[in-house]
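Take a look at the structure set out below.
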Amino acid sequence: MDKHLITGGVPLLGEVRISGAKNSVLPILAGCLLTDDPVIIKNVPHLNDVTTIMKLLGQMGANLTISEGLTIEVEAGHVNVPYAPYELVRTMRASILVLGPLLAKHGQAKVSLPGGCAIGPRPVDFHVEGLRQMGADISVDGGYIQASVQGRLKGANLKFDIVSVTGTENLMMAAVLADGVTTIENAACEPEVQDLANFLNCLGAKIEGHGTKTIVIEGVKSLKGGTYTVLPDRVETGTYLVAAAMTGGRITTKSTRANILEAVLHKLEEAGAEISTGEDWITLDMRGRRPKAVDICTAPFPGFPTDMQAQFMALNTVSEGVGVMTETVFENRFMHAHELRRMGANIQLNGNTAQIEGIPHLTAAPVMATDLRASASLVLAGLVAQGTTIVDRIYHIDRGYECIEEKLAQLGANIKRVQS
Ligand code: UD1
């Protein structure tokens with residue numbers, strides 16, 4: 001199993017290119033199942049989760065061709081196995097995103113239930129209930145969701161009790177080929193949901209209202225092929241900016257967009273960073289200063305993203321003052337706090353709230369990644385700790401960060417990957 005070895009104390013300086021968004025490319029690749037025609041996806045990040053969804057589509061019968069590093073061509077005209085096995089779904093919950101497209105296009109699907117994960121129970125009941133309301137016959141048996149529909153799915157008025165990102169995406173994809181109009185109320189407004197809608201519209205779908213709480217989808221009989229470029233990854237962008245802020249550095253993130261992470265930029269400014277932005281870049285300058293602790297409360301977009309909570313906890317551990325962090329999106333998303341404490345962090349946990357009193361320096365220790373964003377927070381902590389931190393189980397980080405050690409090393413960090 002690979003590990004990261006990080007020797008802290010170097011302020012990050014320079015420029016880093018941001019990759020395409022993991023949470024956009026996964027639903028977009030699943031969305032390719034909705035058309036028989038070839039689709040070309042650009043700005044695809046090289047990530048383990050992308051490999052997983054490609055395997056999933058490939059074993060269903062889709063042809064996938066990777067060209068020029070960042071481009072994938074998908075042809076799903078020969079898909080004949082509408083099946084997502086447990087072996088793949090258990091490694092990536094987002095595999096559930098094939099359920100809506102398979103059902104809409106092929107009238108049937110058998111998809112493993114994702115099960116629990118390190119950040120809480122994360123059920124998929126909204127996905128299943130929404131598809132039922134669209135006329136699907138769904139049973140859950142032997143750990144699998146078995147879904148079928150006679151003819152086309154039917155347009156319906158759907159309403160989420162709690163905002164769900166992949167739930168909105170799954171139902172939006174199902175509705176694209178349904179008979180009639182579907183309305184999704186209390187829909188997720190995340191930029192990745194908007195990106196998926198823009199992609200589907202580029203193939204001929206009729207989706208309106210994406211980016212607002214009400215999405216309206218007029219079903220069409222079929223989608224055509226097309227070419228689409230994936231949105232930049234706002235979480236990757238935010239992670240590098242936090243790294244620069246913690247180390248007292250100055251970096252520019254390129255090929256990204258400031259308007260997809262305003263809540264994060266606002267908190268970095270509150271922590272004392274100077275931020276400037278252009279059309280496709282963000283510069284953060286924290287040279288010569290220690291960050292100030294910030295209070296965070298996670299919420300659906302445009303609120304502060306839960307996927308940046310762990311990184312800001314790492315920032316707060318070395319900031320001046322006390323920061324209170326409240327996690328409202330997921331239960332049990334403070335696993336990283338226990339590992340950060342092993343590096344000397346002063347963190348008090350109370351239910352879904354963490355109080356962090358900043359200390360001048362963390363101390364290097366062997367730590368273990370428990371989920372994707374938790375592992376990012378441990379790498380950030382390693383960048384400022386005195387000594388050499390060993391982060392184990394970094395397969396979590398490889399799910400969502402393209403070439404993280406190369407990118408950090410390019411910014412001057414002392415980090416390398418070793419095999420146990
Ligand atoms: C997506 C993101 C993930 C991010 C999360 C919240 C992808 C691939 N993953 O995950 O990175 O952290 O949004 O921004 O895009 N819920 C239910 N029943 C359901 C569905 C969700 O109770 O059927 C609950 C969840 O347990 C959670 C909340 O709704 O408490 C929000 O989860 P959701 O937005 O669905 O997260 P994901 O789409 O899995």
Side-chain angles (χ1 to χ4, degrees), residues 26-39 53 56-57 60-62 74-84 94-113 124-141 144-160 164 166-188 193 196-210 214-226 228:
L26 298 177
I28 285 174
L29 285 170
C32 292
L33 289 168
L34 289 162
T35 174
D36 289 339
D37 294 345
V39 179
I53 198 142
L56 197 53
L57 300 186
M60 289 176 189
V74 186
E75 219 189 302
H78 302 292
V79 165
N80 55 4
V81 188
Y83 171 57
S95 308
I96 191 73
L97 286 164
V98 298
L99 179 62
L102 284 177
L103 192 56
K105 181 72 171 41
H106 299 278
Q108 53 176 319
K110 182 177 174 185
V111 177
S112 170
L113 274 174
V124 290
D125 49 326
F126 302 158
H127 305 234
V128 168
E129 193 44 43
L131 292 170
R132 274 202 184 114
Q133 287 181 44
M134 296 174 80
D137 190 6
I138 306 190
S139 61
V140 178
D141 195 20
Y144 278 85
I145 302 169
Q146 304 250 23
S148 62
V149 64
Q150 293 290 333
R152 291 166 73 188
L153 290 165
K154 306 251 175 308
N157 290 331
L158 310 173
K159 185 168 182 182
F160 283 99
S164 167
T166 50
T168 302
E169 291 167 345
N170 229 341
L171 299 179
M172 189 164 78
M173 289 192 279
V176 154
L177 293 184
D179 185 13
V181 174
T182 299
T183 306
I184 307 179
E185 284 181 62
N186 201 21
V193 176
L196 174 66
N198 291 334
F199 163 68
L200 296 169
N201 281 346
C202 145
L203 305 187
K206 292 188 176 166
I207 305 174
E208 287 180 3
H210 41 294
T214 305
I215 301 178
V216 181
I217 306 120
E218 189 186 330
V220 295
K221 287 212 168 117
S222 65
L223 295 184
K224 53 190 172 57
Y228 193 78

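When the side chain to side chain donor-acceptor pair (under 3.5 Å) test is applied to Asp125, no partner is found at least two apart in sequence or on another chain.
Salt-bridge annotation for Lys105 and Asp36: present, with a side-chain N of the basic residue lying under 4.0 Å from a carboxylate O of the acidic one.
Atom CG of Leu113 sits about 10.5 Å away from atom CG of Asp141, to the nearest 0.5 Å. Note that CZ of Arg132 and CE of Met134 are 14.5 Å apart. Values are rounded to the nearest 0.5 Å. One distance of note links CD of Glu169 with CD1 of Ile96; it measures 12.5 Å at 0.5 Å rounding. For the atom pair CZ (Phe199) and OH (Tyr228), the distance works out to 8.5 Å, reported to the nearest 0.5 Å. Taking CG from Leu158 and CG from Leu171, the interatomic distance works out to 5.5 Å, rounded to the nearest 0.5 Å. For the atom pair CD1 of Ile28 and CE of Met173, the computed distance is 9.5 Å after rounding to the nearest 0.5 Å.
In terms of heavy-atom proximity, Leu26 sits nearest to Leu97 at C-CD1, 4.2 Å. When every heavy atom of Leu56 is checked against every heavy atom of Ser95, the shortest pair comes out as CD2-CB, 3.6 Å. Annotation for Gln133 and Asn157: closest pair OE1-O, 3.5 Å, computed over non-hydrogen atoms. When all heavy atoms are compared, the tightest approach of Val39 to Gly225 is CG2-CA, 4.3 Å. Closest non-hydrogen pair, Leu153 versus Ala104, comes out as CD1-CA, 3.9 Å. Residues Met172 and Leu200 come closest through the heavy atom pair CE-CD1, 4.5 Å.
Side-chain atoms of Leu102 and Met60, non-hydrogen and from C-beta on, do get closer than 4.5 Å to each other. The side-chain heavy atoms of Leu131 and Leu103, taken from C-beta on, include a pair separated by under 4.5 Å. With contacts defined as side-chain heavy-atom distances shorter than 4.5 Å, the pair Lys154/Thr182 does not qualify. At least one side-chain heavy atom of Ile184 sits less than 4.5 Å from a side-chain heavy atom of Phe160. Annotation: side chain of Asn170 is in contact with side chain of Pro101 (closest heavy-atom distance under 4.5 Å). Side-chain atoms of Ser164 and His127, non-hydrogen and from C-beta on, do get closer than 4.5 Å to each other. Looking at Lys110 and Ile145, their side chains never come closer than 4.5 Å, going by heavy atoms from C-beta outward.
Screening Val79, Val74, Leu203 for a side chain to side chain contact (heavy atoms under 4.5 Å, CB included) involving Cys32 leaves a single residue, Val74.
Using a distance-only test at 3.5 Å, with no hydrogens or angles considered, a donor-acceptor pair links the side chain of Thr168 to the main chain of Ala188.
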Under 3.5 Å, which donor-acceptor pairs link side chains of residues 214-223 to any protein atom two or more places apart or in another chain?
none

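Other residues, nucleotides and ligands contribute more than 12 heavy atoms inside 6.0 Å of the CD atom of Gln146.
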task: Please lay out, stage by stage, how Asp137 and Val149 fare under the test side chain to side chain contact (heavy atoms under 4.5 Å, CB included).
output: CA-CA 6 Å; Asp137 190 6; Val149 64; over 6 Å; no
